[in-house]
Student: 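This structure is in structure tokens; I'll ask about it shortly.
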Amino acid sequence: RLPMGVGRSLLVIAGFALVASSILSASQQTTRDGVYAKAQADRVTEMYGKICANCHDPAKVPEGKKPAPPLLGDVFLDTWKDRPLGELMAIIRLTMPNDGSAVLTPDDAVDLAAYILQANKYPDGKAPLKNDDAAKKILIVKAP
């Protein structure tokens, strides 16, 4: 048995921890929150077709070449769910295209991430996705 008042204190502390956890998870922005603008994703459709689809779209991969991991659908979402969007943007920026045929700017990487979100049927929002700390913390979740 706990001394008088200690049990109540533990309950109060547990209650505060539960409330703080709820507030943190409620404030966690996810890819379901309309984090990119439609115009932003649309403007890189051609870039995606030229730079990304040659490796990531199985229909466009040259015969004999192994396709890169898909950027659409369940395989993509299973790989990326519960990971920060900043991780995806960094991989796009620092490693794509992996044949060295182009150099992507940080803005290109952000726009391509927006395109990938749009292609995976995440809702668009009013403001474009930005290359900032807040955007990098957005959590990738299963599409609605």
Side-chain angles (χ1 to χ4, degrees), residues 5-144:
V6 172
R8 178 177 284 166
S9 297
L10 289 174
L11 282 174
V12 169
I13 291 169
F16 279 125
L18 184 61
V19 169
S21 173
S22 296
I23 290 170
L24 285 175
S25 60
S27 66
Q28 172 68 57
Q29 195 171 24
T30 74
T31 49
R32 290 186 192 146
D33 294 328
V35 297
Y36 70 93
K38 180 180 181 333
Q40 176 184 30
D42 289 346
R43 77 173 165 241
V44 293
T45 301
E46 187 177 327
M47 179 191 302
Y48 179 88
K50 286 181 181 177
I51 296 174
C52 310
N54 292 334
C55 294
H56 289 280
D57 182 348
K60 294 186 177 188
V61 175
E63 189 174 324
K65 184 176 178 186
K66 181 181 175 190
L71 298 176
L72 304 173
D74 289 338
V75 174
F76 171 79
L77 296 173
D78 288 343
T79 301
W80 285 95
K81 72 179 177 184
D82 300 328
R83 292 168 71 179
L85 190 56
E87 192 176 331
L88 176 63
M89 292 187 295
I91 287 176
I92 292 169
R93 166 74 175 101
L94 299 173
T95 67
M96 298 295 136
N98 69 0
D99 64 2
S101 63
V103 176
L104 299 176
T105 68
D107 289 338
D108 291 338
V110 172
D111 291 349
L112 286 166
Y115 176 85
I116 292 167
L117 293 177
Q118 181 183 57
N120 280 289
K121 305 205 183 327
Y122 288 100
D124 58 67
K126 294 178 182 176
L129 184 63
K130 294 186 173 149
N131 185 23
D132 61 14
D133 287 339
K136 292 175 184 173
K137 293 176 185 173
I138 295 168
L139 195 64
I140 300 171
V141 295
K142 283 281 197 174

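Just so you know, these numbers come straight off a predicted model, no measurement behind them.
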Student: Check for a donor-acceptor pair, side chain of H56 on one end and backbone N or O of P67 on the other, with a separation under 3.5 Å.
Tutor: no
Student: For residues A114 and L129, report the shortest heavy-atom separation together with the two atoms involved.
Tutor: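 Minimum heavy-atom separation between A114 and L129: N-CD2, 4.2 Å.
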Student: Find out whether P69 and T79 are in side-chain contact, i.e. whether some heavy atom of one side chain is under 4.5 Å from a heavy atom of the other.
Tutor: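 Contact flag for P69/T79 side chains = no.
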Student: Would you confirm whether Q28, through its side chain, and K137, through its main-chain N or O, come within 3.5 Å as a donor-acceptor pair?
Tutor: yes
Student: Give the C-alpha distance, both sets of side-chain angles, the deciding distance and a yes or no for side chain to side chain donor-acceptor pair (under 3.5 Å) between Q40 and D124.
Tutor: CA-CA 10 Å; Q40 176 184 30; D124 58 67; over 6 Å; no
Student: Identify whether the distance between the nearest side-chain nitrogen and carboxylate oxygen of D108 and R93 falls below 4.0 Å.
Tutor: no
Student: Can you tell me how far apart CD (Q118) and OG1 (T45) are? Round to the nearest 0.5 Å.
Tutor: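 If I round to the nearest 0.5 Å, the distance is 6.5 Å.
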Student: Considering all heavy atoms of both residues, which atom of A113 and which atom of I92 are nearest to each other, and what is their separation?
Tutor: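 Looks like N-CD1, 4.0 Å.
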Student: Any donor-acceptor pair under 3.5 Å linking the side chain of Y36 with the backbone of V110?
Tutor: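 Not a single qualifying donor-acceptor pair exists.
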Student: Begin with the C-alpha distance, continue with both residues' side-chain angles, and end with the deciding distance and a verdict on side chain to side chain contact (heavy atoms under 4.5 Å, CB included) for L85 and L117.
Tutor: CA-CA 10 Å; L85 190 56; L117 293 177; 4.1 Å; yes
Student: Say whether, by atom type as modelled, one donor and one acceptor occur between the side chain of T30 and the main chain of L139 under 3.5 angstrom.
Tutor: no
Student: Could you tell me whether a side-chain N or O of N54 sits under 3.5 Å from a main-chain N or O of V61, the two making a donor and an acceptor?
Tutor: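 Not confirmed, N54 side chain does not pair with V61 backbone.
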Student: Please find the pair of heavy atoms, one from D42 and one from K38, that lie closest to each other, and give the distance.
Tutor: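 So the two residues come closest at OD2-NZ, 2.6 Å.
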Student: When you measure from the side chain of N120 to the backbone of Y122, do you find a donor-acceptor pair of N or O atoms at a distance under 3.5 Å?
Tutor: no
Student: Give the minimum heavy-atom separation between I138 and T31, together with the two atoms involved.
Tutor: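 Nearest heavy atoms, I138 then T31: CG2-N, 3.7 Å.
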Student: Roughly how far, to the nearest 0.5 Å, is the CG atom of N98 from the SG atom of C55?
Tutor: 5.5 Å
Student: How many angstroms lie between atom OH of Y48 and atom CG of L71, to the nearest 0.5 angstrom?
Tutor: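 So the gap between those two atoms works out to 4.5 Å.
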Student: L104 and M47: side chain to side chain contact (heavy atoms under 4.5 Å, CB included), yes or no, with the steps?
Tutor: CA-CA 10 Å; L104 299 176; M47 179 191 302; 4.2 Å; yes
Student: Please report the interatomic distance CG(L88) to CZ(R83), rounded to the nearest 0.5 Å.
Tutor: 8.5 Å
Student: Considering non-hydrogen atoms only, spot the tightest contact between M89 and A109 and give its length.
Tutor: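 For M89 versus A109, the nearest heavy atoms are O-CB, 3.6 Å.
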Student: Is the backbone N or O of S101 less than 3.5 Å from a side-chain atom of D99, with the two atoms forming a donor-acceptor pair by type?
Tutor: yes
Student: Mind checking the CD1-CG spacing from I116 to L72? Nearest 0.5 Å is all I need.
Tutor: 8.0 Å
